[in-house]
Trainee: 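Right, I'll just put the structure down here and ask away after.
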Number of protein chains: 2
Amino acid sequence: MNITIKKIAEDLQLAVSTVSKALRDSHEISAATKARVFAYAAEIDYMPNPYASSLKRGRSGNIAVVLPEVADSFFSAAINGIEEVAQAQGYHVMVYLTHENVKTEQAIVRDFWNGRVDGVLISITSDAKDYNHLSELATRNVPLVFFDRICEDLNTTSVVTNDQECGYNAARHLIHRGCKKIAFLALFDDLSIVRKRLNGFQQALREYNFDLQQNPILYLTNDERFNKEQIRNILESKDRPDGIVGSVEKVVMQTYDVCREIRLSIPNDIRIIGFSHLQIAHLLNPSLTTITQPAFEMGKMAASILIKSLTKKSSMIRKEQIMIPSVLIERDSTK
Amino acid sequence: MNITIKKIAEDLQLAVSTVSKALRDSHEISAATKARVFAYAAEIDYMPNPYASSLKRGRSGNIAVVLPEVADSFFSAAINGIEEVAQAQGYHVMVYLTHENVKTEQAIVRDFWNGRVDGVLISITSDAKDYNHLSELATRNVPLVFFDRICEDLNTTSVVTNDQECGYNAARHLIHRGCKKIAFLALFDDLSIVRKRLNGFQQALREYNFDLQQNPILYLTNDERFNKEQIRNILESKDRPDGIVGSVEKVVMQTYDVCREIRLSIPNDIRIIGFSHLQIAHLLNPSLTTITQPAFEMGKMAASILIKSLTKKSSMIRKEQIMIPSVLIERDSTK
DNA sequence: CTTATTTACGAAACCGTTTTCGTGTGATGT
DNA sequence: ACATCACACGAAAACGGTTTCGTAAATAAG
């Protein structure tokens, strides 16, 4: 016979309800009985069945983290932060990767509709056109918190960094360094973070009287070969840019690769600044000027907000954006 | 009323057992009835309650991945591989971080004893002295597969790379490049992977008639400050080594840092080779010669083996080591 | 035409907890 | 002495599926 509450009840000549209450430290059980139950439970190494408990209580103690990928150092750090607060609060973290595919994202999120997880943290895929699978979560009372790649249409909390401001700062930094023509390397064309970074970027250009038409925007993808071809094209054109803002880590690394291939010197021929969370940016050749995102803190913050809403009675999450600032670190790639 | 099997049964004037069987495509239900049930279930958007199902069937469809950390690029890639096969097979991935703390590892693993997950993938912490929390898993019929950081005492499958051979190759590579005194940077002192890499390393030294006493081993930790101090000490000693083998990515990066601080030139003053999974090793300054581990494939393999054992009737996992070879990639740090 | 067998479904037990609702006992108040 | 009430516990009904077993009707076998 398995070690269940029932067994404890029989062995101790108690009712299962009594044992259950004792284990949950209910006030209607005497101290003496509680002590007996706890002692015996410890002795026979009783562990509650999480599924029975989840079934009855309607809560699982699991939270889902849905990410486009995990290769990027940003998401690794974010998972770290999320897991840390989850573990501290007794929650379990389920990780799902969408590989930048909406269909996959939908299938994954639909699976949460029925309470498989108590709450969801998500950084959305780039090509999502509608968000029914996400808004339906709210309908079904499973709270949702966005982080980094957010969707502004939904009524929930988002944790972001100061993307627009950083896009602005990146461009201004290059301009101050003397750049006359700056390319912006976008990732996809409809990601909130990329749009904001681009907005800030263009705002700076306007302020400094740059002609927006002359400062190209490259819309890159997850296809490395394609990206490098695009980057190479622009860097080999006769009036190539002398500055580059990379909107995500990956495209910056690809730019480094291309510069090597076609023997462009950074920062002499071209200056590069990138959004990144790379810990070893200073070890690159040349060291990379970054806008370093607080990935770990963003993960922690997002998880904290989600879990707080789970433990409160009123699980309503306010529609708001929590902003944790990034910091621009100057290194040799823009010297 | 919630959308349950019971509701479908009532609305369709069937017994709940009939509906359940129909949904599971049981042979004892007629095609006509199945069709009715499926159609209606789809219409009202029925989704089975995973906890009820798990409770009754004794299986959850979840697998646990227990890691020391996720900052390292190796484990990021491993998660990627694991998640990919899990998702394909309809399993859910729960991620737990031990932060190199046995107590934490024990607490996490104990939580699996009662069937919270169907199987466990683990890369163990360094300072584990006993493995009761792990061996108990077998007793309780939850299969376990090690990957990378394994424990050879337990009767289960491990997925590793050819650590010994690579340690050997790393040393030989440096010797061929002319190194006369080579330091080995270990991580902790009792990690299977580190021991094997060290063994191979020393085997090469012996073969080339190096005096083992003259080629130091540094036992490093997770404390970056401490590590750098150790590395700095040895690199500033009057007969410093002219070659370094880093047993894990982290200590190699720390060595790079120290070399910068004390202005040692790589590879002129000192050559460096490191075990790593870093995708951008070629972009470092100087580009880093690596023994590149097949992290993604190891994750996939480990997950495949685990899940296969879950779907088979006899869930016995053989005691064996699956070895996926790493590849030595020469770059400028050992030129 | 009777008997054996398949087919298609229903009733009910069960998985292990939680929770509601009693109920008997002793203490308290008047 | 009698009503009142807190206290400590038990019985039983959930939670939402799965599974075993039983059985009526339909079909096949003899």
Side-chain angles (χ1 to χ4, degrees), chain A residues 1-38 40-41 44-62 90 111 113-118 140-141, chain B residues 1-38 40-41 44-62 111-118 140-142 313:
Chain A
M1 178 180 178
N2 268 341
I3 300 180
T4 67
I5 268 191
K6 197 171 162 190
K7 174 172 173 50
I8 298 183
E10 283 177 12
D11 293 358
L12 257 43
Q13 296 284 41
L14 291 170
V16 292
S17 52
T18 307
V19 176
S20 175
K21 290 173 195 164
L23 289 172
R24 302 196 130 266
D25 203 27
S26 160
H27 65 91
E28 35 176 325
I29 303 299
S30 71
T33 306
K34 279 182 191 169
R36 277 179 71 209
V37 171
F38 274 117
Y40 189 64
I44 65 174
D45 227 4
Y46 165 77
M47 305 186 72
N49 181 312
Y51 298 106
S53 182
S54 292
L55 172 59
K56 184 62 195 177
R57 306 182 55 177
R59 305 189 299 113
S60 64
N62 300 334
D111 194 42
W113 285 4
N114 60 348
R116 176 178 287 279
V117 295
D118 295 345
R140 302 190 179 223
N141 281 319
Chain B
M1 178 180 180
N2 268 342
I3 300 179
T4 68
I5 266 191
K6 195 171 163 190
K7 176 174 171 50
I8 298 184
E10 283 177 11
D11 293 359
L12 256 44
Q13 295 284 39
L14 292 171
V16 290
S17 52
T18 306
V19 176
S20 175
K21 291 172 193 165
L23 288 173
R24 302 194 128 265
D25 203 26
S26 161
H27 64 90
E28 35 176 323
I29 302 299
S30 71
T33 306
K34 280 183 193 167
R36 275 180 71 208
V37 171
F38 275 117
Y40 189 63
I44 66 173
D45 228 3
Y46 166 77
M47 305 185 74
N49 181 312
Y51 299 105
S53 180
S54 293
L55 173 59
K56 182 64 193 178
R57 306 182 55 180
R59 304 189 300 113
S60 65
N62 299 335
D111 196 43
F112 302 151
W113 285 3
N114 60 348
R116 177 177 285 279
V117 296
D118 295 345
R140 303 190 179 222
N141 281 319
V142 8
K313 329 274 172 206

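Per chain, numbering begins at 1; letters A, B, ... match sequence-line order.
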Trainee: Rounding to an integer number of Å, can you tell me how far Lys34(A) NZ sits from dA8(D) P?
Mentor: 9 Å
Trainee: So Thr33(B), base contact, sugar-phosphate only, or nothing? Heavy-atom distance under 4.0 Å.
Mentor: sugar-phosphate
Trainee: To the nearest Å, how far apart are Lys6(B) NZ and dA12(C) P?
Mentor: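 Roughly 14 Å, once rounded to whole Å.
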Trainee: Just the rounded figure in Å: distance from P of dA14(D) to CG of Asn49(B).
Mentor: 17 Å
Trainee: Roughly how far apart are Asp45(A) CG and Asn114(B) CG, rounded to 0.5 Å?
Mentor: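 Nearest 0.5 Å value for the CG-CG distance: 10.5 Å.
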Trainee: Is Val19(A) close to Leu12(A) at the side-chain level, that is, under 4.5 Å between some pair of heavy atoms?
Mentor: no
Trainee: Identify whether any heavy atom of Leu55(A) sits under 4.0 Å from a base atom; if not, whether one sits that close to sugar-phosphate; answer base, sugar-phosphate or nothing.
Mentor: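 Base, at least one base heavy atom under 4.0 Å.
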Trainee: Does the side chain of Asn2(A) get closer than 4.0 angstrom to OP1 or OP2 of dG16(C) through an N or O atom?
Mentor: yes
Trainee: Can you check each nucleotide of nucleotides 19-25 of chain C against protein heavy atoms at under 4.0 Å and return B for base, S for sugar-phosphate only, - for none, in 5' to 3' order?
Mentor: BBB----
Trainee: With rounding to the nearest 0.5 angstrom, report the OH to CG distance, Tyr40(B) to Asp11(B).
Mentor: 3.0 Å
Trainee: Distance from Ile29(A) atom CD1 to Ser20(A) atom OG, nearest 0.5 Å?
Mentor: 9.0 Å
Trainee: Does atom NZ (Lys6(B)) have a neighbourhood of more than 12 heavy atoms from anything else shown, all under 6.0 Å?
Mentor: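 Not buried by this count: 12 neighbours or fewer within 6.0 Å.
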Trainee: With distance as the sole test, does Ser54(B) use its side chain to make a donor-acceptor pair with the main-chain N or O of Pro50(B) at under 3.5 Å?
Mentor: yes
Trainee: What distance do Arg59(A) atom CZ and Ser53(A) atom OG have between them, rounded to the nearest 0.5 Å?
Mentor: 8.0 Å
Trainee: Are any of Tyr51(B)'s side-chain N or O atoms less than 4.0 Å away from OP1 or OP2 of dT18(C)?
Mentor: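 For dT18(C), OP1/OP2 do not have a side-chain N/O of Tyr51(B) under 4.0 Å.
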Trainee: With axes from five pairs an end, tell me the bend angle of the helix from dC1(C)-dG30(D) to dT30(C)-dA1(D), nearest 10°.
Mentor: 40°
Trainee: Return whichever of Gln13(B) or Ala52(B) has its heavy-atom-nearest nucleotide of DNA chain C closer to the 5' end.
Mentor: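 The residue mapped nearer the 5' terminus is Gln13(B).
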Trainee: Provide, to the nearest angstrom, the distance between the CZ atom belonging to Arg59(B) and the P atom belonging to dG17(D).
Mentor: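 The answer, rounded to whole Å, is 16 Å.
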Trainee: Rounded to whole Å, please give me the gap between NE2 in His27(B) and P in dT6(C).
Mentor: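 Taking atom P of dT6(C) as the reference, NE2 of His27(B) is at 12 Å.
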Trainee: Quick one: pull up CD1 in Ile3(B) and CG in Asn49(B) and give me the separation to the nearest 0.5 Å.
Mentor: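 Here the interatomic distance stands at 12.5 Å.
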Trainee: Find the distance Ile5(A):CD1 to dC15(C):C1' and express it as a whole number of Å.
Mentor: 13 Å
Trainee: Rounded to whole Å, how long is the line connecting atom CG of Asn114(B) with atom C1' of dC15(C)?
Mentor: 14 Å
Trainee: Send over the distance from Leu23(A) CG to dC9(D) C1', rounded to a whole Å.
Mentor: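 It works out to 15 Å between those atoms.
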Trainee: Using modelled atom types and a 3.5 Å cut-off, is there a donor and acceptor pairing between side-chain atoms of Tyr51(B) and backbone atoms of Arg116(A)?
Mentor: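 Answer holds: yes.
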Trainee: Are Ser53(B) and dT18(D) close enough that a side-chain N or O sits under 4.0 Å from OP1 or OP2?
Mentor: yes
